[in-house]
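Predicted model, so just to flag it, every value in this text is computed and none were measured.
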Amino acid sequence: MSLQPVQILKSSAQEEKGETARMSSFVGAIAIGDLIKSTLGPKGMDKILQSMNDSDPVQVTNDGATILRSIGIDNPAGKILVEISRVQDDEVGDGTTSVTVLACELLREAETLIAQKLHPQTIIAGWRTAVTEAARVLEEAARDHGADQAKFREDLFNIAMTTLSSKIVTQEKERFANLCVDAVIRLKGKSDLQAIQIIKKLGGSMSDSYLDEGFLLDKKIGVNQPKRIENARILVANTPMDTDKVKVFGSRVRVDSTAKIAELELAEKEKMKDKVEKILKHDINVFINRQLIYNYPEQLFADSGVMAIEHADFEGIERLALVTGGEIVSTFDRPDLVKLGHCKLIEEVMIGEDKMIRFSGVELGEACSVVIRGATQMIIDEVERSLHDALCVLTQTVKETRTVYGGGCSEMLMANAVSQLAMRTPGKEAVAMEAFAKALRQLPTIIADNAGYDSAELVAELRAHHTEGRQTLGLDMIEGTVGDMEKLGIIESFQVKRQVLISAHEAAEMIMRVDDIIKAAPRQRGNDQCM
């Protein structure tokens with residue numbers, strides 16, 4: 001009888017089993033966490049992301065989701081952490097670094113427990129008990145000021161300040177926090193950020209950024225047309241307005257004389273004139289087209305006193321139709337079925353050195369534009385990412401109005417509750433629960449380390465205060481001490497904290513359950529055959 005091993009997989013396929021597979025997953029995931037942990041907290045550092053393609057712009061950011069999305073990762077466990085960071089960004093907008101770092105710390109603790117011969121399923125059972133207890137304590141500690149408008153606005157402002165304190169805009173965070181809160185309150189409870197337009201204009205400084213109560217379109221008004229229109233009736237269209245010239249695409253037109261060419265051009269002009277007359281029958285004074293408007297139709301619109309705006313980009317025209325209450329149309333035979341857009345005033349404004357068109361008093365009252373200024377394109381892009389995070393968190397808070405304290409306060413509260421439950425739990429699961437609590441305590445430790453403070457002393461002091469029942473205390477990274485989060489106004493969204501806890505646990509548990517990694521054989525390219 002032969003004792004040769006049976007080959008099941010193809011010769012070029014790879015397989016890692018048991019401890020080797022688990023260690024490969026742990027090493028990859030922990031490496032990802034170590035990569036971005038230095039960006040965590042108000043004193044976190046930035047990363048420069050440079051593409052191999054020289055034409056792509058360089059990015060300078062400390063946003064976890066942006067960093068992980070931009071780097072190429074081959075390790076399968078690392079890809080899981082990238083995915084949870086992306087989902088965190090899509091779901092709640094903030095906490096992308098926290099969720100990845102917490103999952104990484106959980107796996108670091110699991111690595112130690114497995115080295116002590118604890119079975120992965122025992123660790124998972126302990127973690128499930130721990131995450132249930134942590135979520136319960138977090139929910140009990142949450143406050144809700146949704147019924148009090150003044151206090152709720154203050155909560156929103158503090159959440160925006162906390163979110164922006166770790167971003168590039170930290171020196172102007174009060175200005176940007178007010179800007180974000182004003183924009184979100186205008187939405188009146190809606191979570192669709194389509195009504196908030198962000199416009200980036202190079203020049204000036206970040207402090208020159210502002211909120212404009214209206215819609216801004218980055219286009220110019222046509223020649224010899226009115227530059228200001230009140231009580232505008234707007235037709236938004238996506239139709240070709242450039243057929244006043246004879247188009248020849250790979251075809252030939254044979255004529256007997258130049259007079260025949262003139263007849264052809266005249267026919268085209270008449271066709272265009274008919275089209276313009278159909279458009280004017282809609283009783284409009286503003287025509288905005290997705291495509292080009294050539295000189296002849298532009299002249300016809302100017303003669304009729306209609307403002308014509310051409311080549312509005314597709315995203316801009318979609319949002320414009322939304323905020324003015326109109327519809328994008330392509331045919332003009334039935335004016336009675338067309339829904340026009342309306343606004344109180346259209347005028348040209350100067351932003352920096354560029355002219356833009358402002359639509360004031362639009363149908364959708366919650367519409368507004370945030371104009372971002374900055375010295376370089378990299379700064380403007382990072383400010384946009386920062387504001388997007390803050391706006392996402394605030395819209396989620398408007399739906400789920402509960403808040404919790406930041407600065408490591410919530411993590412320490414959950415860690416102490418899990419530790420106390422572990423003391424009352426018999427069996428090996430208690431060891432896994434204590435490891436879960438230790439991983440939670442690593443978040444305030446990393447925040448203190450990134451600020452250059454003595455993390456061991458600060459976290460030990462914070463733990464002692466929480467054990468004594470002073471559960472509003474957290475880390476004050478301005479002074480480098482333990483401070484009262486309630487007085488300092490360091491508040492975070494309950495939804496963000498809960499999502500970080502649950503997503504990190506689920507990702508870490510998924511990686512823990514792996515005991516075999518199979519890399520499929522690459523597809524072989526067939527021989528090129530010329531017929």
Taken to the nearest 0.5 Å, the spacing of Ser85 OG from Ile67 CD1 works out to 9.0 Å
Residues Glu411 and Gly408: closest non-hydrogen pair is OE1-CA, 3.3 Å
Between Met45 and Thr39, the two heavy atoms sitting closest are O-CG2, 3.2 Å
In terms of heavy-atom contacts, Met378 and Val58 come closest through CG-O, 3.2 Å
Would you check if Ile372 and Ile199 make a side-chain contact, meaning some heavy-atom pair closer than 4.5 Å? no
Exercise for the section: Give a yes-or-no answer on whether the side chains of Asn450 and Ser38 include a donor-acceptor pair shorter than 3.5 Å. Expected result: no
Original post:
Has the side chain of Lys43 got a donor or acceptor atom that lies under 3.5 Å from a matching backbone atom of Met477?
Top reply: yes
- prompt: Between Lys47 and Leu35, is there a donor-acceptor pair closer than 3.5 Å when you use the side chain of the first and the backbone of the second?
  reply: yes
Do Val398 and Thr401 come within less than 4.5 Å of each other through their side chains, counting heavy atoms only? no
When rounded to the nearest 0.5 Å, the distance separating CD1 of Ile198 from OG of Ser209 is 10.5 Å
| message | For a salt bridge (charged side-chain N to carboxylate O under 4.0 Å, His left out) check, start with the C-alpha distance between Asp89 and Arg86, then their side-chain angles and the critical distance, and finish with the verdict. | response | CA-CA 5 Å; Asp89 195 34; Arg86 188 187 64 77; over 6 Å; no
Between Val99 and Val500 the two heavy atoms that sit nearest each other are CG2-O, 3.6 Å
- Please check if any side-chain donor atom of His505 sits under 3.5 Å from a side-chain acceptor atom of Glu509, or the reverse. yes
The reported gap from CH2 in Trp127 to CD in Glu109 (rounded to nearest 0.5 angstrom) is 8.5 Å
Output for pair (Ile159 CD1, Leu164 CG), nearest 0.5 Å, gives 11.5 Å
Residues Ile84 and Ala504: closest non-hydrogen pair is CD1-CA, 4.5 Å
In short, side chain to side chain donor-acceptor pair (under 3.5 Å) pairs touching residues 480-491 with sequence neighbours left out are Thr472-Asp484
Between Arg498 and Ser410, is there a side-chain donor-acceptor contact under 3.5 Å, judged purely by atom types and distance?
no
